[in-house]
Amino acid sequence: MQTIRLSISINAAGQTVWNSLLNHINSRGRVADFSVTRLAEGSQVVKQTACGTDILCRVVRYTPDKIISIEQEVILNKGEADYWHPEAKNWIGLYEIYRLFEEDEHTVLYVEMDSCCLYTNWTFNNIEVTIADIKMRSEQMAA
């Protein structure tokens, strides 16, 4: 396992970046619990892996405008938990963490994501696309 860490400075207020982050997470899949009014520690989120397999994740830490930490818990196979799925060893127990820090008139988005070695390039590219999208959306909203 490897942890990939990337950050980006965004020319927008923290609240604007936070809203863009939540919108981005909402757009990644079936994440009904990822709404500003319902998101809390313990919320469950369904995402897709690099292979397109559904995975159930749990929000382990949520501090509005500051941090979201998500743990990948179990592969879903036809809507049922499948701990023995061939891809389970590559995903279960991995974390993704999003943190915001305000510096001067900018907001820094810091992303930390675990990856098995098999999917390191996919994970890195996914983070790059994510932070670029959030930066673009945030700066457009701030303009």
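For clarity, every value in this text was computed on a predicted model and none was experimentally measured.
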Output side-chain donor-acceptor pairs under 3.5 Å for residues 76-85, partner residues at least two apart or in another chain, one line each.
residue	atom	partner	partner atom	Å
N77	ND2	D82	OD2	3.3
D82	OD1	W84	N	3.1
D82	OD1	H85	N	3.0
H85	ND1	E87	N	2.9

Hey, are the side chains of [X] and [Y] touching, using non-hydrogen atoms and a 4.5 Å cut-off?
X: Y62; Y: I67; value: no
X: M1; Y: D114; value: yes
X: I131; Y: Y98; value: no
X: R5; Y: T3; value: yes
X: Y95; Y: M113; value: no
X: M141; Y: S20; value: yes

Using a 3.5 Å distance criterion without hydrogens, assess whether the side chain of [X] forms a donor-acceptor pair with backbone atoms of [Y].
X: D133; Y: V129; value: no
X: T107; Y: G14; value: yes
X: T130; Y: N126; value: yes
X: K66; Y: R99; value: no

(message) Are I70 and L6 linked, directly or through intermediate hydrophobic residues, by side-chain heavy-atom contacts shorter than 4.5 Å (ILVMFWY only)?
(response)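 Same hydrophobic cluster.
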(request) Would you kindly confirm whether V59 and L100 end up in one hydrophobic cluster when ILVMFWY residues are joined by side chain heavy atoms under 4.5 Å apart? (result) yes
What are the two closest non-hydrogen atoms of [X] and [Y], and how far apart are they?
X: S9; Y: K135; value: O-NZ, 2.9 Å
X: S138; Y: A12; value: O-CB, 3.7 Å
X: G93; Y: E71; value: CA-OE2, 3.9 Å
X: W91; Y: A50; value: CZ2-N, 3.5 Å
X: Q15; Y: D65; value: OE1-OD1, 2.8 Å
X: Q48; Y: W122; value: O-CH2, 4.3 Å

(message) Is there a side-chain contact (heavy atoms from CB on, under 4.5 Å) between V111 and I97? Walk through the geometry before answering.
(response) CA-CA 6 Å; V111 179; I97 303 167; over 6 Å; no
(request) Supply the atom-to-atom distance C117 SG to N90 CG, rounded to the nearest 0.5 angstrom. (result)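 Going from the SG atom of C117 to the CG atom of N90 covers 9.5 Å.
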(request) Please round to the nearest 0.5 Å and tell me the distance separating atom CD1 of I75 and atom NZ of K89. (result) 10.0 Å
(request) Show your working on side-chain contact (heavy atoms from CB on, under 4.5 Å) between I68 and L21 and close with a plain yes or no. (result) CA-CA 10 Å; I68 298 174; L21 172 62; 4.2 Å; yes
(request) With T49 as reference, evaluate L94, I55, D54 under the side-chain contact (heavy atoms from CB on, under 4.5 Å) test and give the passing residue. (result)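 With T49 as partner, side-chain contact (heavy atoms from CB on, under 4.5 Å) holds for just one option, I55.
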(message) Under the criterion side-chain contact (heavy atoms from CB on, under 4.5 Å), I'd like the reasoning laid out for I10 against H106: C-alpha separation, chi angles, the key distance, then a yes or no.
(response) CA-CA 6 Å; I10 302 172; H106 292 83; over 6 Å; no
(message) For a side-chain contact (heavy atoms from CB on, under 4.5 Å) check, start with the C-alpha distance between E112 and I4, then their side-chain angles and the critical distance, and finish with the verdict.
(response) CA-CA 6 Å; E112 196 173 310; I4 299 167; over 6 Å; no
